[in-house]
2 protein chains.
Amino acid sequence: MGVVTIKMLAKELNLSTAAVSKALRDSHEISTATKQRVLDLAASLHYVPHPYAGSLREKRSRTIAVVIPEVADSFFSLALNGIEAVAIEKGYHALIYLTHENQEREIEILKDLESGRVDGVIMSVAMKTNTFDHIKLLHKVVPLVFFDRVCEEIDTAKITTNDYECGYLATKHLIEAGCKKIVLLSVSESLSISSKRMQGYKQALVDYQMDETLCRVIDYNEDLTRNYDLLIELLKSKDRPDGIVATVSKMTTEIYLACMELGIKIPNDIKVVCFSNDSNAPIFNPSLTTITQPAFEMGKLAATILFKALKRNTQVLSDESAVIPSDLLIRASTTGSL
Amino acid sequence: MGVVTIKMLAKELNLSTAAVSKALRDSHEISTATKQRVLDLAASLHYVPHPYAGSLREKRSRTIAVVIPEVADSFFSLALNGIEAVAIEKGYHALIYLTHENQEREIEILKDLESGRVDGVIMSVAMKTNTFDHIKLLHKVVPLVFFDRVCEEIDTAKITTNDYECGYLATKHLIEAGCKKIVLLSVSESLSISSKRMQGYKQALVDYQMDETLCRVIDYNEDLTRNYDLLIELLKSKDRPDGIVATVSKMTTEIYLACMELGIKIPNDIKVVCFSNDSNAPIFNPSLTTITQPAFEMGKLAATILFKALKRNTQVLSDESAVIPSDLLIRASTTGSL
DNA sequence: TTTATTTACTTAATCGGTTAAGTAAATAGT
DNA sequence: ACTATTTACTTAACCGATTAAGTAAATAAA
């Protein structure tokens with residue numbers, strides 16, 4: 001144990017630390033012979049400059065923070081890959097923070113990030129977050145880019161997908177497949193993507209003159225077993241829905257399992273479309289129709305915009321926001337007539 | 001933009017930085033009145049101590065690195081959750097590094113980690129890694145714990161699962177289900193888990209007196225389309241296997257899709273068992289029999305052992321290694337007789 | 001030869017925090 | 001009343017690296 005420092009190199013070579021530092025950075029102030037001696041020793045002792053020393057002096061850490069609800073979720077893990085790909089290319093490091101959809105945790109994390117630990121932050125807001133002071137405070141101090149789950153009130157770049165259209169499209173797709181009683185499974189009203197998807201859903205119901213007394217929105221929450229019970233109850237009720245739009249992919253397993261348990265056939269008895277990035281959707285029983293978000297691209301773009309601002313040493317501009325459309329991938333869970 | 005420093009607080013309050021620092025740490029050398037003034041100002045300016053300043057002086061960063069092949073993989077994302085849960089509890093931060101199964105990338109990452117950036121490293125070796133000098137060099141400088149994909153040659157704690165037994169068990173399960181021609185889809189011979197799983201497979205073939213000319217090991221690689229072609233070829237061949245043991249979960253989709261394409265029925269024509277942590281295995285078509293690893297627990301234990309060593313300020317000891325068994329979860333993809 | 005410039009370094013300050021050591025003033029002890 | 005101790009600070013060194021400013025010696029120019 002024990003890391004090699006510039007001081008050790010200097011001592012070993014009878015030089016000042018300044019000379020060693022300059023030699024390593026190939027300064028013209030150092031003779032070729034000395035440079036070689038320094039380089040040789042640095043290589044043989046496997047010297048790596050201490051990043052925090054440099055960060056302190058240069059007032060930048062070459063590190064960004066990625067604050068996301070969860071990694072065990074295809075959307076976020078793909079987005080993370082996109083972010084990471086750009087970070088690597090720019091020589092940056094990525095600190096990952098998981099909020100687990102919890103506001104208190106998110107507050108703690110963002111408070112910590114006010115310290116100067118990172119040069120910039122890319123985040124996707126937790127489902128349970130309904131106040132935004134902690135984000136505003138961070139935004140005063142560090143460049144910030146939102147992706148997917150944004151905070152509308154904060155003036156910065158936001159990378160989103162066309163949530164309203166997708167809510168509309170998913171619903172329209174079910175209507176065209178013959179569904180009359182369409183339920184939207186939603187989460188957190190405070191979340192912008194949730195409300196946009198819901199607005200799209202509602203507009204589709206209106207545009208296609210659906211009987212809205214038969215359609216409703218059901219709020220999903222964090223308690224998984226309660227959600228399952230909720231689903232079972234929903235599927236047992238006499239005006240059982242014949243179509244489900246699930247706004248988060250996490251719900252998929254439970255919907256399928258609940259239907260299996262009750263002997264309800266997808267797509268014959270009920271049709272299901274989920275917002276999901278699960279690459280296994282094609283091999284589900286039945287294969288699942290999804291609204292699939294451009295996760296990797298969204299992460300990549302969010303990171304690109306952040307790094308552009310870091311390079312210019314400016315604020316992240318809200319007019320750099322972008323909307324990358326999602327795809328409706330039609331599979332067996334919504335095909336065949338009812 | 002601009003972070004609040006202790007110097008600003010000191011200036012504002014007409015105190016030395018030392019006094020402010022001590023007040024913030026509730027030192028007895030500072031009067032109650034002064035402490036209150038400092039605390040009030042710190043709160044109102046939202047002061048957060050700069051972590052790198054402290055790290056430099058205390059020679060510890062309260063940060064660990066997690067080096068894994070991929071996040072978009074249930075096993076690793078769950079393990080990461082386990083690691084993160086412990087890190088949070090201990091007040092540590094986690095830097096995530098993705099090797100993307102690439103040795104060069106892994107070498108670069110580990111070299112960087114020799115800098116003192118982190119206090120400890122938890123890693124799972126990349127598939128393509130076949131030399132270990134870079135890991136040995138890191139291990140000289142920083143406490144290291146392996147999980148799942150370990151490097152046998154390095155004397156440190158290793159958290160694994162019972163790979164040999166699982167390879168054996170999966171194969172035995174197929175044999176008992178009536179399979180005669182069992183193929184093992186494997187990756188990277190240099191990886192310890194791979195070879196252990198394969199050894200278990202081979203031993204099961206011997207113990208149950210299978211005709212080994214009908215069974216074989218096929219090497220999967222990084223090129224996904226080539227793998228798909230390989231599978232199609234395998235499934236079209238005249239002595240087509242009637243059982244597949246897939247040692248990595250990534251293969252699942254392709255196996256299912258290839259079978260669909262060729263009209264081969266699982267489990268009637270071929271039975272499939274995969275090493276997988278995908279929570280959607282129960283809703284696959286057909287539901288997938290899996291060997292499921294205790295991912296979260298493995299991550300949690302790896303982190304616990306690392307933090308124990310950090311606390312004691314000692315080496316991580318290899319006798320703290322542990323093996324947490326996986327489960328065979330039997331589902332439809334291996335049931336029914338052939 | 002004398003001065004100017006270049007070469008090849010060293011010294012010292014800095015980043016933001018912590019802490020050992022120093023100090024003046026107030027309080028306590030005898 | 002006089003020393004001893006406590007209180008409540010300040011000064012200065014340090015962590016590891018970078019860099020502006022300083023410096024001695026060698027070389028070039030006048």
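Letters A, B, ... are given to chains in the order of the sequence lines, protein chains preceding strands, and every chain is numbered from 1. Everything numeric here is computed off the predicted structure, so don't read it as measured data.
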Integer-rounded Å distance: [N] [atom2] and [X] [atom1]:
X: A:M8; N: D:dC15; atom1: CE; atom2: C1'; result: 12 Å
X: A:Y52; N: D:dT18; atom1: OH; atom2: P; result: 16 Å
X: A:H50; N: D:dC15; atom1: NE2; atom2: C1'; result: 8 Å

query: Does the side chain of B:M127 reach to within under 4.5 Å of the side chain of B:R149, using non-hydrogen atoms?
result: yes
Side-chain heavy atoms of A:I64 within contact of A:F307, under 4.5 Å: yes
query: Taking atom types as modelled and ignoring hydrogens, do the side chains of A:E106 and A:T129 form a donor-acceptor contact shorter than 3.5 angstrom?
result: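 Side-chain D/A pair, A:E106 to A:T129: present.
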query: Which of residues 13-37 of chain A have a heavy atom under 4.0 Å from DNA chain C?
result: A:N14, A:L15, A:S16, A:A18, A:A19, A:K22, A:E29, A:S31, A:T34
query: Can you tell me how far CD of A:E101 sits from CD of A:E70, rounded to the nearest 0.5 angstrom?
result: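 Between A:E70 CD and A:E101 CD, I get 7.0 Å after rounding to 0.5 Å.
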statement: Counted 5' to 3', the first and last nucleotides of DNA chain C within 4.0 Å (strictly under) of a heavy-atom of chain A are C:dA8 to C:dG16
- prompt: With sequence neighbours excluded, what pairs up with A:T34 under the side-chain hydrogen bond (donor to acceptor under 3.5 Å, both in side chains) test?
  reply: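 Checked A:T34 against side-chain hydrogen bond (donor to acceptor under 3.5 Å, both in side chains); matches are A:S31.
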task: Ignoring hydrogens and angles, tell me if any N or O in the side chain of A:R37 forms a donor-acceptor pair with the backbone of A:L13 under 3.5 Å.
output: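 Looks like yes, one N/O pair under 3.5 Å.
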Any donor-acceptor pair under 3.5 Å from A:E84 side chain to A:A94 backbone: no
query: Within less than 4.0 Å of OP1 or OP2 of D:dC14, is there a side-chain N or O belonging to A:K7?
result: no
task: Please name the residue in the list B:V316, B:L306, B:L317 that meets the side chain to side chain contact (heavy atoms under 4.5 Å, CB included) test with B:T156.
output: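 Result for side chain to side chain contact (heavy atoms under 4.5 Å, CB included) with B:T156: B:V316.
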